[in-house]
Peer 1: 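Dropping a structure here in structure tokens format, bear with me for questions.
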Amino acid sequence: FYDSRKIAIIPMGFCYPGKAASGDNPPRPECAPRWHEKLDAHLPDIALTLLIGHHAQAYYLDDRRKATLGDTVKAWKEYLPLGYLPLAHPSPRNQPWLVKNPWFEEELVLDLRNVIQSLKL
């Protein structure tokens, strides 16, 4: 994840959306449609896109996502053929979710390592 010639980290929004009652506000709705397609044009060989959190999954998976973030993440293997891997956001607010879903670290994170190694970056 540290070689900028091989890995890009692109947020859903490109500005801080401000503080909400619990955490930050969601990304501004105009940001992703305005910038993601333009950035993707400069990154022609994207082998895998990690969709970290609800907003990324909603934008990229649209109606292909499951009823909940947890269900979408649990079905991660379904999205690999599309070049996507949905993940829970690693924020402190999601610690209870991680505790309730030990399969995430026990299975998905281990498999993610293998998926990334198979890309031969």
Peer 1: I'd like to know if Glu78 and Lys66 make a salt bridge, using a cut-off of under 4.0 Å between side-chain N and carboxylate O.
Peer 2: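 A salt bridge links Glu78 with Lys66.
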Peer 1: Can you tell me if Glu37 has over 12 outside heavy atoms packed within less than 6.0 Å of its CD?
Peer 2: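 No - once you tally the heavy atoms of other residues, nucleotides and ligands closer than 6.0 Å, there are 12 at most.
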Peer 1: Taking all non-hydrogen atoms of both residues into account, name the closest pair between Lys19 and Asn25 and its distance.
Peer 2: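 Answer, listing the atom of Lys19 first, then Asn25: O-ND2, 3.4 Å.
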Peer 1: Within a 6.0 Å radius of atom CZ on Arg64, are there more than 12 heavy atoms belonging to other residues, nucleotides or ligands?
Peer 2: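 More than 12 within 6.0 Å, yes.
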Peer 1: What closest approach, in Å, do Leu48 and Tyr84 show between heavy atoms, and which atom pair accounts for it?
Peer 2: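 Reported closest heavy-atom pair: CD1-C, 4.1 Å.
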Peer 1: Quick one: do Leu50 and Leu80 end up in the same hydrophobic cluster if we chain Ile, Leu, Val, Met, Phe, Trp and Tyr together by side-chain heavy atoms under 4.5 Å apart?
Peer 2: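 Same hydrophobic cluster.
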Peer 1: Write down the atom of Pro11, the atom of Ile9, and the distance for their closest heavy-atom approach.
Peer 2: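 Looks like CD-O, 4.0 Å.
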Peer 1: Step by step, work out the side chain to side chain contact (heavy atoms under 4.5 Å, CB included) result for Tyr79 and Val73.
Peer 2: CA-CA 9 Å; Tyr79 302 105; Val73 173; over 6 Å; no
Peer 1: Taking all heavy atoms of Pro17 and all of Pro26, pick out the closest pair and write down the distance.
Peer 2: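 Answer, listing the atom of Pro17 first, then Pro26: CB-O, 3.2 Å.
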Peer 1: Indicate the ring-plane relationship of Trp97 and Phe104, choosing parallel, tilted or perpendicular according to the 30° and 60° boundaries.
Peer 2: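 The arrangement is perpendicular - the two ring planes meet at more than 60°.
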Peer 1: Do Leu85 and Ile116 share a hydrophobic cluster (ILVMFWY, side-chain heavy atoms under 4.5 Å, transitive)?
Peer 2: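 In one cluster: yes.
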Peer 1: Hey, is the main chain of Pro86 close enough, under 3.5 Å, to the side chain of Gln57 for a donor-acceptor pair?
Peer 2: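 No.
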Peer 1: Kindly work out whether a path of hydrophobic side-chain contacts (I/L/V/M/F/W/Y, heavy atoms less than 4.5 Å apart) joins Leu69 to Leu87.
Peer 2: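 Yes, Leu69 and Leu87 fall within the same hydrophobic cluster.
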Peer 1: So, for Asn94 and His89, which heavy atoms are closest and what is the spacing to 0.1 Å?
Peer 2: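 Nearest pair, atom of Asn94 first, then His89: ND2-O, 2.6 Å.
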Peer 1: Rounded at 0.5 Å granularity, tell me how far SG in Cys15 sits from CD in Glu30.
Peer 2: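 The CD atom of Glu30 is 7.0 Å from SG of Cys15, to the nearest 0.5 Å.
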Peer 1: According to a hydrophobic-cluster definition based on side-chain heavy atoms being under 4.5 Å apart (Ile, Leu, Val, Met, Phe, Trp, Tyr only), do Met12 and Leu39 belong together?
Peer 2: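 As far as the 4.5 Å side-chain criterion goes, Leu39 and Met12 are not connected within one cluster.
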Peer 1: Roughly how far apart are Glu107 CD and Asn101 CG, rounded to 0.5 Å?
Peer 2: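 Those atoms lie 10.5 Å apart.
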Peer 1: Applying side chain to side chain contact (heavy atoms under 4.5 Å, CB included), run through Ile10 and Leu43 and close with a yes or a no.
Peer 2: CA-CA 11 Å; Ile10 302 171; Leu43 304 166; 3.7 Å; yes
Peer 1: Whether the side chain of Arg93 engages the backbone of Gly23 through a donor-acceptor N/O pair (distance < 3.5 Å, no angle test) should be reported.
Peer 2: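 Checked: no pair found.
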Peer 1: So Tyr60 and His36, would you call those rings parallel, tilted or perpendicular, with 30° and 60° as cut-offs?
Peer 2: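 Because their plane-to-plane angle lies in the 30° to 60° range, the rings of Tyr60 and His36 count as tilted.
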Peer 1: For Leu110 versus Glu106, what's the shortest heavy-atom pair and its separation?
Peer 2: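 Distance-wise, the nearest heavy atoms are CD1-O, 3.0 Å.
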Peer 1: Is Ile52 linked to Leu98 within one hydrophobic cluster, defined over Ile, Leu, Val, Met, Phe, Trp and Tyr using a side-chain heavy-atom separation of less than 4.5 Å?
Peer 2: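 Same cluster: Ile52 reaches Leu98 through Ile, Leu, Val, Met, Phe, Trp or Tyr contacts under 4.5 Å.
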Peer 1: Could you tell me whether the side chain of Pro27 reaches within less than 4.5 Å of the side chain of Tyr59, counting heavy atoms only?
Peer 2: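 The answer is no; the side chains never approach within 4.5 Å.
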Peer 1: Working to the nearest 0.5 angstrom, can you tell me the gap between Trp35 CH2 and Asp40 CG?
Peer 2: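 Between Trp35 CH2 and Asp40 CG, I get 13.5 Å after rounding to 0.5 Å.
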